[in-house]
Amino acid sequence: MVRTREPANFAEASPSPPRAAAEPVEAAAIGERGRQLVARMLDELDATTTHAGQLEEMIEAETTGDRDGNRRNGMLGAISLPSRAKTLKELVTALKTVNEASAPQGKKAQRDEKAKAVGGGSRFAPIGPPRLAVVKP
């Protein structure tokens, strides 16, 4: 038995509310959302890999009346091992990128950023006028 999915009606779906322009998004929050998305996509890949045999049988049953095998070949190609391996590689690369982008700064980067803030953003900023100190004998 092959289940068919009803077409999505995007007109009825309510869009998410727009984010206020003055509301900054933290890198950690973006990183966490990215990691959650990659985890969900890995779950989908795991389900496809686990049920590959059943999916192949369903594709065969669905495409038995086709004139040529183009649709069948396309569907089987989408769940084939090379396709799934490529998807896994791309997901791992995306996860690595998200983790690197949301990683906290190292000590040297924090020190350099603090020095730029103190120096006015320039390495050769003037130090300022000398300070006079009165020394009592």
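None of these values were measured; they are calculated from a predicted model.
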message = Which heavy atom of Val38 sits nearest to which heavy atom of Leu91, and what is that distance?
response = CG1-O, 3.9 Å
Shared hydrophobic cluster for Val92 and Leu37 (ILVMFWY, side-chain gaps under 4.5 Å) = yes
key: Arg35: salt bridge (Lys or Arg N to Asp or Glu O under 4.0 Å) partners, not counting sequence neighbours   = Glu32
ask   = Does the side chain of Leu76 come within less than 4.5 Å of Leu55's, by heavy atoms?
value = no
query = With a 4.5 Å heavy-atom cut-off, do Glu62 and Arg71 have their side chains touching?
reply = yes
ask   = For Leu42, does its backbone N or O pair with a side-chain atom of Asp46 as donor and acceptor, under 3.5 Å?
value = no
ask   = What pairs with Glu44 under side-chain contact (heavy atoms from CB on, under 4.5 Å), at least two apart in sequence or on another chain?
value = none
remark   = Residues pairing under side chain to side chain donor-acceptor pair (under 3.5 Å) where one sits in residues 76-92, two or more places apart or in two chains, turn out to be Thr49-Arg84
Hey, could you give me the [atom1]/[atom2] distance between [X] and [Y], rounded to the nearest 0.5 Å?
{"X": "Asn70", "Y": "Thr63", "atom1": "CG", "atom2": "OG1", "value": "11.0 Å"}
{"X": "Met75", "Y": "Ile59", "atom1": "CE", "atom2": "CD1", "value": "5.0 Å"}
{"X": "Glu56", "Y": "His51", "atom1": "CD", "atom2": "NE2", "value": "13.5 Å"}
{"X": "Asp112", "Y": "Lys107", "atom1": "CG", "atom2": "NZ", "value": "14.0 Å"}

message = Please determine whether the number of non-hydrogen atoms from other residues, nucleotides or ligands lying under 6.0 Å from atom CE of Met41 exceeds 12.
response = no
